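I have placed the structure first, in the form of structure tokens, so that the comments after it can refer back to it.
These numbers come from a predicted model, not from an experiment. Side-chain atoms are counted along with the backbone in the values below, which use heavy atoms only and exclude waters and symmetry mates.
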Amino acid sequence: APNGMTFTFDSGPTIVLGCSKAPYNPLRQVLDAVGQSVEWIEYKGWGMIENPGKESELRWKVELGEDVFQEGPIKQFGSDIALQEFEDLRKATQGLVSGAVGIPAMAMRAGKSALIPLLRYLPALFD
């Protein structure tokens, strides 16, 4: 960092926004903006621990990927109706999701002028 400045990021990969492929999360966007790159390791799931170190500790994995949710939790805990409702939801929100992918998180701001940086990405919502 210039002049010995230190930067701290509280953002890493998420289930929705990763670092290895678009749409990128804010950490990747910052690294791209300053011309830095690292080797990204993709993962297929998240390990979850509830009540760590306690007698009631529970460990489970959230698997990631195309159709994993439909083939896993919905089939296991839902019904054919739940599967259809989920597919209907995906279809109904497809345009919104596709448009949102075109808006980098770095463009989002808080405050009265929050809309100004987003204006240049407005066309992405209508493609």
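Under the 4.5 Å side-chain heavy-atom criterion for grouping Ile, Leu, Val, Met, Phe, Trp and Tyr, Ile116 is not connected to Leu118 through any hydrophobic cluster.
One distance of note links CG of Leu27 with CH2 of Trp40; it measures 4.5 Å at 0.5 Å rounding. Note: Ile81 CD1 to Asp88 CG = 11.5 Å, rounded to the nearest 0.5 Å. Rounding to the nearest 0.5 Å places CD of Glu87 at 7.5 Å from CD1 of Ile74. The line from CG of Asn51 to CG of Leu58 is 8.0 Å long, rounded to the nearest 0.5 Å.
Put simply, the side chain of Ser79 gets close to the backbone of Ala82: a donor and an acceptor are under 3.5 Å apart.
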key: Derivation and outcome, side chain to side chain contact (heavy atoms under 4.5 Å, CB included), residues Gln70 and Arg90   = CA-CA 11 Å; Gln70 296 89 312; Arg90 285 179 75 180; 2.3 Å; yes
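Between Glu57 and Arg59, at least one side-chain N (NZ, or NE/NH1/NH2) sits under 4.0 Å from a carboxylate O, which counts as a salt bridge. The pair Asp67-Lys75 fails the salt-bridge criterion, with no side-chain N (NZ, NE, NH1 or NH2) lying under 4.0 Å from an Asp/Glu carboxylate O.
When the shell of 6.0 Å around CD of Gln94 is examined, it contains 12 or fewer heavy atoms from other residues, nucleotides or ligands.
Here the side chains of Lys61 and Glu63 are in contact, with some heavy-atom distance below 4.5 Å.
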